[in-house]
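Reckoned from all heavy atoms, side chains included, excluding hydrogens, waters and symmetry mates. Numbers restart at 1 for each chain; the letters A, B, ... are given by sequence-line order, proteins then strands.
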Protein chains: 2
Amino acid sequence: MNKNRDLDLPLKKDYIPNLAYDSVIFGCNGEQLKILILEYHNTNLFALPGGFVKKNENLDSAVARGLRERTGLDHIYLEQFHTFGDTLRSRPEVMRTLLKANGYEVPEDYWLLQRFLTVAYYALINYDEVQPMPDALSDSINWYSIEELPPLIMDHSVIVKTAVQTLKGNLEKKLVGMNLLPTKFTMRELQQVYEAVLGEKLRRTTFQRKILGLDILARHEKLFSGGAHKAPYLYSFK
Amino acid sequence: MNKNRDLDLPLKKDYIPNLAYDSVIFGCNGEQLKILILEYHNTNLFALPGGFVKKNENLDSAVARGLRERTGLDHIYLEQFHTFGDTLRSRPEVMRTLLKANGYEVPEDYWLLQRFLTVAYYALINYDEVQPMPDALSDSINWYSIEELPPLIMDHSVIVKTAVQTLKGNLEKKLVGMNLLPTKFTMRELQQVYEAVLGEKLRRTTFQRKILGLDILARHEKLFSGGAHKAPYLYSFK
DNA sequence: TGTTTATTGTCTCAATTTATTACAATAATA
DNA sequence: TATTATTGTAATAAATTGAGACAATAAACA
């Protein structure tokens, strides 16, 4: 197999053992809430983007680093939501399969085949302003609607479900919705984000009154989209 | 020093390296929200109860095990709330101090002196029905009001603050309040728990109507306390 | 150039929820 | 039997939210 690719693999000596992180990276295309999913080379295996924590690196920094590598973006809204630590979540045979598919034959005691706990984060980014990049072991990274995910490896489906639940809960409490939009956005776009996250239609007038009442938005010029109707104002987060 | 106590120390081979857990164990005496704090032997150092995860043990099980050891209680309400992973949170000199104070001289590369990330949980228990027990390295474990904590080692004060914030947020969302009370309790006791957690007085009639309206309580016999007034009903969680 | 269409911003009134007050019931005591 | 402290619930006021109405307006069209 492809022995000269070994240098791509993370080295045991550089990382905290038995500990990983995974990121649920949310975007919204105006209709649906979506997340970024990796597809591993030659395997038909799908997974969340993730990585490992360097021995002298903050946990948060490690996740931000991985996110930068996948999205090219900096200063992303990022929030830790749960650490998954069941013994049964680790599936060495899955890891072995995807290493093999990439040309790596590893010994029985290879560090990546051990048990891993993972700290899960969710990130909110602007769907339209990102050019996602696959990692060393995967050949594609794509947006998937949270309603139509491919089967994910290990416990990644549970991680996604937990992320969606957490995001729902934080939407009104922490007002994180605008992180899924560009700096300036219309009230309708914001409402569409809320509807995609909550999974339900909202009443336009009530929504507008509530959001404006929070006094967190600054109003800017109008947006002339070319449509045959009144132009909406643009808003930004204060 | 006391070499024959070495057997009490956790052995590196049994545990996931670089990973710990800490528990913020809440109780309520009717007036104040309190937590259990350990005082280490001969050091004047105070800390949260915590421990390590065995190589083949679920994370949640490890925390439940530690909680059982400190409180003697089983089936405790337990919730993970954050994983703390900054490099600077680890303070090997603190660990060395408290090992020394207990008679343990350890080498420079001793595993407990390395960097540790910690998964933090909070637990809710009945203040009156627990006989807390100190761990191997500590000589006391006591209730402290969250308003009057002693100075805690490392980042344990931050962990406590985060726990209190999380508990506040979950009080109404997850209705966890009754876990701080015995099986049967009066409406006033429940209100006192809410007031202690939220840090504010609540209106009696509004509180009673809201809680009863949730339809989560079963009403039982009255409690005759001996006071010169109408006796309140006892309630339990449905 | 007026007319039409789709959408927006805001207002009004109804429905619901929450806050506040009031008050009768009652357990022990004097 | 009156007094005291507290409880359960009802009644009313205030605030919030739901639902509809409507004028304003940007572009297309006749």
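Looking at residues 204-212 of chain B, you'll see B:Thr205, B:Thr206, B:Arg209 sit with a heavy atom under 4.0 Å from some atom of DNA chain C. Listed in residue order, the members of residues 226-238 of chain B having a heavy atom less than 4.0 Å from DNA chain C are B:Gly226, B:Gly227, B:Ala228, B:His229, B:Lys230, B:Ala231.
Between A:Val63 and A:Val119 the shortest side-chain heavy-atom distance does not fall below 4.5 Å. The side-chain heavy atoms of A:Gln80 and B:Thr83, taken from C-beta on, include a pair separated by under 4.5 Å.
The distance from atom CZ of B:Arg203 to atom C1' of D:dT12 is 14 Å, rounded to the nearest whole Å. Look at CD on B:Gln191: it is 12 Å from C1' on D:dT7, rounded to the nearest Å. Taking atom CZ of residue B:Phe224 and atom C1' of nucleotide D:dA5, one finds them 16 Å apart after rounding to whole Å.
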Exercise. Would you sort out whether B:Met187 and B:Ile211 count as a side chain to side chain contact (heavy atoms under 4.5 Å, CB included), showing the intermediate values?
Key: CA-CA 9 Å; B:Met187 192 58 72; B:Ile211 297 289; 4.3 Å; yes
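If you walk DNA chain C from 5' to 3' and mark each nucleotide with an atom closer than 4.0 Å to a heavy atom of chain B, the marks span C:dT18 to C:dA28.
Annotation: B:Arg91, atom CZ; neighbour count of heavy atoms from other residues, nucleotides and ligands within 6.0 Å does not exceed 12. Annotation for A:Lys238: atom NZ counts as buried by contact number, over 12 foreign heavy atoms lying within 6.0 Å. Counting heavy atoms of neighbouring residues, nucleotides and ligands inside a 6.0 Å radius, atom NZ of A:Lys201 does not exceed 12 of them. Within 6.0 Å of CD in A:Glu221 there are more than 12 heavy atoms belonging to other residues, nucleotides or ligands.
The heavy-atom pair separating B:Ile76 from B:Ala123 by the smallest distance is CG2-CB, 3.8 Å.
Taking the six-membered ring for Trp and thresholds of 30 and 60 degrees, A:Tyr194 and A:Phe207 have ring planes more than 60 degrees apart, a perpendicular arrangement. Note: B:Tyr122 and B:Tyr77 have tilted aromatic rings, judged against thresholds of 30 and 60 degrees for the angle between ring planes.
Between B:Thr186 and A:Lys222, the residue whose closest nucleotide on DNA chain D is further toward the 5' end is B:Thr186.
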